[in-house]
**Student:** 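Structure in structure tokens, see below.
Proteins get letters first, then strands, A, B, ... in listed order; numbering begins at 1 in each. Scope of the values below: all heavy atoms of this structure, side chains included, with no hydrogens, waters or symmetry mates.
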2 protein chains.
Amino acid sequence: MTSLESSPHAVPGGAGPAKQIPPAAVARLTIYLRALTALLAEGVDRVSSESLAEASGVSPSTLRKDLSHVGSYGTRGVGYDVQYLNRHIAAALGLTHDWKVAIVGAGNLGRALARYGGFESRGFEVVAIFDADQMVVGSEVGWLRVSDAANLEPVLQRTGANMAVLALPAAVAQDVCDRVIAAGVRSILSFAPVVLQVPPGVNLRKVDMATELQILAYHAQRAQDPAGTD
Amino acid sequence: MTSLESSPHAVPGGAGPAKQIPPAAVARLTIYLRALTALLAEGVDRVSSESLAEASGVSPSTLRKDLSHVGSYGTRGVGYDVQYLNRHIAAALGLTHDWKVAIVGAGNLGRALARYGGFESRGFEVVAIFDADQMVVGSEVGWLRVSDAANLEPVLQRTGANMAVLALPAAVAQDVCDRVIAAGVRSILSFAPVVLQVPPGVNLRKVDMATELQILAYHAQRAQDPAGTD
DNA sequence: CGTTGTGAAATTCTTCACAGCG
DNA sequence: CGCTGTGAAGAATTTCACAACG
């Protein structure tokens with residue numbers, strides 16, 4: 001397990017990097033992490049803020065400001081050690097924990113997510129997948145067997161799941177969401193095309209392809225219709 | 001600070017608001033659209049900014065400010081006509097056009113997206129799905145047949161696709177992205193876990209489940225570990 | 001009356017410019 | 001000398017408070 005105390009100069013002001021990172025920066029840190037991982041695979045040892053920024057699609061200023069929220073892990077005049085920076089960003093994001101993910105809904109999307117290799121690579125482990133359809137329950141997806149959604153609560157607790165991914169129809173999403181929360185899960189990623197209501201303390205994020213396409217449509221329309229000049 | 005001047009008073013029913021809408025507002029307008037559609041299905045005629053905001057998970061102030069970018073389509077003291085507002089937001093977002101979507105990659109995710117019913121409901125039509133694997137080419141997904149990725153360009157042009165959804169491995173994403181752009185597509189939604197470089201004028205959006213989970217992990221870690229145990 | 005629409009304030013985010021350090 | 005880290009400036013966004021209006 002990685003520890004933060006290898007840093008020679010301690011963080012001034014107290015015991016830990018408990019400082020909060022702006023949401024916009026957190027979102028981008030995950031991108032830097034991926035870029036760093038790619039560089040690592042290519043055998044690159046050092047990287048400058050300029051080239052890492054370009055690989056991440058952001059400006060160098062933004063990158064350096066974002067990294068400043070994590071700590072001072074670069075060397076002036078040289079750049080950043082790829083592996084060292086990678087490790088510290090991962091630590092700041094909480095990727096040293098083991099996150100156990102349950103996927104609720106074994107339809108096309110749920111199965112696609114369960115088989116998606118990107119999870120395991122960075123501390124996420126899919127520990128269960130559920131469906132309400134008895135035709136699907138018991139079938140194999142990847143190296144998991146589909147559990148009956150009726151047993152949601154006991155299976156969540158037995159597997160120790162602390163994150164849930166909802167890949168199910170809008171009509172049942174809120175109900176399942178409530179049950180997942182009642183079972184103790186406090187981090188939820190929803191693919192259901194509906195706004196979910198969650199109590200305070202529960203973290204919910206939403207991924208929605210219809211929304212994304214509509215945003216694209218807006219920009220495409222503006223580009224096509226040069227109505228801006230009046 | 002001379003920006004583009006717009007007409008002082010937007011006339012309802014006339015030429016649409018050519019003014020540009022802030023990106024953050026555009027993203028939320030799609031959510032209001034969905035909430036309004038749900039209300040319509042429930043037979044609700046009128047809605048106040050307060051209840052629509054709650055259904056959308058935003059504050060009433062934010063909602064009203066967002067709607068003000070679209071136009072003045074409410075009645076003071078009463079609220080908004082659901083159908084009327086719905087139609088005007090859709091128009092502002094460019095959802096009156098017919099958008100033809102091509103899905104590139106017929107793996108688990110690509111097939112899940114092709115079968116996802118949410119597209120057709122709002123002006124999006126999936127007109128083609130591609131894969132490079134000859135074992136998959138020719139098979140049926142929904143009511144489409146998988147085309148050979150080798151024929152990307154001619155099929156895109158024949159079907160008139162003006163949007164592309166990339167559901168393929170990181171390794172080939174940039175190459176396919178370049179080809180799709182060369183074929184004339186200027187709006188791309190990528191599910192590939194990689195940063196894609198696109199020329200100016202091309203609109204790219206990214207959906208990334210690994211990123212979303214990592215953001216959740218950050219917040220979950222903070223909630224669990226308020227005072228860092230060092 | 002009750003609710004919208006909107007200037008203005010408050011907050012957050014991005015960019016700039018350069019000091020500081022290897 | 002070159003690149004990082006950061007305070008300060010500049011933009012963008014959100015929130016507030018209330019005038020306008022049916």
**Student:** List for me each residue that meets salt bridge (Lys or Arg N to Asp or Glu O under 4.0 Å) alongside B:Arg87, sequence neighbours excluded, and say none if there are none.
**Tutor:** none
**Student:** Do any of residues 29-40 of chain A sit with a heavy atom less than 4.0 Å from DNA chain D, and if so which?
**Tutor:** none
**Student:** According to ring-ring contact (aromatic ring centres under 6.0 Å, His included), who are the partners of A:His69, at least two apart in sequence or on a separate chain?
**Tutor:** none
**Student:** Using the heavy-atom set of chain A and a strict 4.0 Å cut-off, write down the first and last nucleotide of DNA chain C that makes it in, 5' to 3'.
**Tutor:** C:dC13 to C:dG22
**Student:** Among pairs that include at least one residue of residues 170-179 of chain A, which meet side chain to side chain donor-acceptor pair (under 3.5 Å), considering only residues two or more places apart or in two chains?
**Tutor:** A:Glu153-A:Arg179, A:Gln174-A:Asp178
**Student:** Rounded to the nearest 0.5 Å, what separates atom CE in A:Met163 from atom CZ in A:Arg205?
**Tutor:** 11.0 Å
**Student:** Set out, in order, the CA-CA distance, both residues' side-chain angles and the distance that settles side-chain contact (heavy atoms from CB on, under 4.5 Å) for A:Tyr32 and A:Leu85, then state yes or no.
**Tutor:** CA-CA 10 Å; A:Tyr32 308 151; A:Leu85 182 59; over 6 Å; no
**Student:** Identify, residue by residue, the members of residues 42-50 of chain A with a heavy atom below 4.0 Å from DNA chain C, and return them in order of residue number, or none.
**Tutor:** none
**Student:** Please name all residues satisfying side chain to side chain contact (heavy atoms under 4.5 Å, CB included) with A:Glu54, sequence neighbours left out, ordered by chain then number.
**Tutor:** none
**Student:** With A:Arg46, which residues qualify under side-chain hydrogen bond (donor to acceptor under 3.5 Å, both in side chains), at least two apart?
**Tutor:** none
**Student:** With sequence neighbours left out, which residue pairs that include part of residues 92-105 of chain B fulfil the side chain to side chain donor-acceptor pair (under 3.5 Å) condition?
**Tutor:** none
**Student:** Is the backbone N or O of B:Ala192 less than 3.5 Å from a side-chain atom of B:Ser190, with the two atoms forming a donor-acceptor pair by type?
**Tutor:** yes
**Student:** Could you check how far CD1 of B:Ile21 sits from P of D:dA12, rounded to whole Å?
**Tutor:** 16 Å
**Student:** Go through the structure and list residues passing side-chain hydrogen bond (donor to acceptor under 3.5 Å, both in side chains) with A:Ser187, not counting sequence neighbours.
**Tutor:** none
**Student:** Taking only residues two or more places apart in sequence or in another chain, which ones pass side-chain hydrogen bond (donor to acceptor under 3.5 Å, both in side chains) with A:Arg186?
**Tutor:** none
**Student:** Starting at CG of A:Leu63 and ending at P of D:dT4, how long is that distance when rounded to a whole Å?
**Tutor:** 8 Å
**Student:** Can you confirm whether A:Met209 sits close enough to A:Leu109 that some side-chain heavy atom of one is under 4.5 Å from a side-chain heavy atom of the other?
**Tutor:** yes
**Student:** Sugar-phosphate means primed atoms, P, OP1 and OP2; the rest is base. With that split, encode nucleotides 17-22 of chain D 5' to 3' as B, S or - using protein heavy atoms under 4.0 Å.
**Tutor:** B-BBBB
**Student:** Any side-chain to backbone donor/acceptor pair from A:Ser56 onto A:Leu52? Under 3.5 Å, distance only.
**Tutor:** yes
**Student:** Using heavy atoms to find the nearest nucleotide of DNA chain C for A:Ala25 and B:Gly79 separately, return the residue whose nucleotide is more 5′.
**Tutor:** B:Gly79
**Student:** Whole-Å distance between D:dA12 P and B:Lys65 NZ?
**Tutor:** 15 Å
